[in-house]
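Since we're looking at a predicted model, the values are computed, not measured.
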Amino acid sequence: MTMLHQDDRPHVVIVGGGFAGLWAARALSGAPVRITLLDRGNHHLFQPLLYQVATAGLSAPNIAAPLRQILRRQKNVTVLLGEVAGIDPGDKRVRLADGRTLAFDHLLLASGATHAYFGHDDWAPHAPGLKTLDDALGIRRRILTAFERAEAEDDPAKRDAWLTFAIVGGGPTGVELAGTLAEIARHTLRGEFRRVDPRKARVLLLEAGPRVLASFPESLSEKARAQLQKLGVEVRTGVPVAAIDDAGVQLGDTRIAARTVLWAAGVAASPLARDLGVPLDRAGRVLVEPDLSVPGHPSIFVAGDLASIQHDGKPVPGVAPAAKQMGRHVARAILARLRGSTRAPFRYRDFGNLATIGRMA
């Protein structure tokens, strides 16, 4: 089934309503194009605060807004709910999972990233990651259920396992999860249970590398470690996780009994990148041209977590400010092509990094 349109304006298809896709759509407001924004969800998600929903600090509506509501006044945009099944770069078509196809004149692929378990996909059911609203709500249920199960458990060893929380990965997401989880146990839930003391919950942050927040300066990594330890988090670095099951984690020669394990250790690019038939980096991201277009396909662009590009000799990080800048740049590149003018290379402006460890930290 093909979707037909009578509108003869150039058709811009944007796959993904995250930071890159939404900022590109908004930057094309008033442009002589028609835009179709495709997303498998109907909301834009503020991913940096997902950990707050996962730890019950915020409710879902605080960090998610309907895409249609955001773009309701932008008349050249149509929002479609759908999942992309494949891309035909040569024929300039996007195939949807329900059989529909969309022809495009310009395509922005901004479908983001998903969890990567480094070849251990069997760990996924035991250690959920945090990328979507459903992930956050699922993790919230796991955390709160763990305290409830501990309250009902008579066996001390089993009770301790329910009160042990292991976060795998010491990047910003892992650090924020660990710090907030420790605060929940020591402050939020204090006095709410009769048989267990939530303050005795054990929170571990497991990082295979030598330090947490490896993308930050070393002095800030040390400060983060100190802040986490002050909150009661056990920080373990330098030893990779060897196994994960429903009863705990194997860390080198040490077995940790933990009924709640959360994954914050790695991401992989959307598999849609493989449909483009162009070189990818080790994480599956597209090695884009300087203007964020796909090699050999000047009308196809990639932005956000799916794009691999260098800035001052280092990869542009997969963070919200970078995705927003990429989205706006793609919009400018499309307008430049419509005018027949030269497309400028993308220049990333680094505004710095932020990780919230706990209250006032």
Is there side-chain contact between L262 and V168, with at least one heavy-atom pair below 4.5 Å?
->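 L262 vs V168: side chains apart.
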
Does some side-chain heavy atom of R140 sit less than 4.5 Å from a side-chain heavy atom of V53?
->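 V53 vs R140: side chains touch.
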
Is it true that the side chains of [X] and [Y] contain a donor and an acceptor less than 3.5 Å apart?
X: T237; Y: R225; answer: yes
X: T55; Y: T180; answer: no
X: T132; Y: D134; answer: no
X: H115; Y: D135; answer: yes
X: T164; Y: R202; answer: no

Quick one: pull up CZ in R332 and CG in L28 and give me the separation to the nearest 0.5 Å.
->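 Reported value, rounded in 0.5 Å steps: 10.5 Å.
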
Under the 3.5 angstrom rule, does the side chain of [X] hit a backbone N or O of [Y] as a donor-acceptor pair?
X: H11; Y: H106; result: no
X: S341; Y: A336; result: yes
X: D275; Y: D88; result: no
X: Q227; Y: Q229; result: no
X: Q74; Y: A25; result: yes
X: E153; Y: D155; result: yes
X: W263; Y: G169; result: no
X: D160; Y: A157; result: no
X: R194; Y: G191; result: yes

Option from L107, L108, L276, L292 for which side chain to side chain contact (heavy atoms under 4.5 Å, CB included) with V302 holds |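 Testing each of L107, L108, L276, L292 against V302, the sole residue satisfying side chain to side chain contact (heavy atoms under 4.5 Å, CB included) is L276.
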
Please check if the distance between the ring centroids of [X] and [Y] is under 6.0 Å.
X: F165; Y: F147; value: yes
X: W123; Y: H120; value: yes
X: F346; Y: H329; value: yes

Is [X] salt-bridged to [Y], cutoff N-O under 4.0 Å?
X: R40; Y: E83; result: yes
X: D98; Y: R100; result: yes
X: R159; Y: D154; result: no

Under 30°, 30 to 60°, or over 60°: which ring-plane class applies to F19 and F46, parallel, tilted or perpendicular?
->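 Plane angle over 60°, so perpendicular.
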
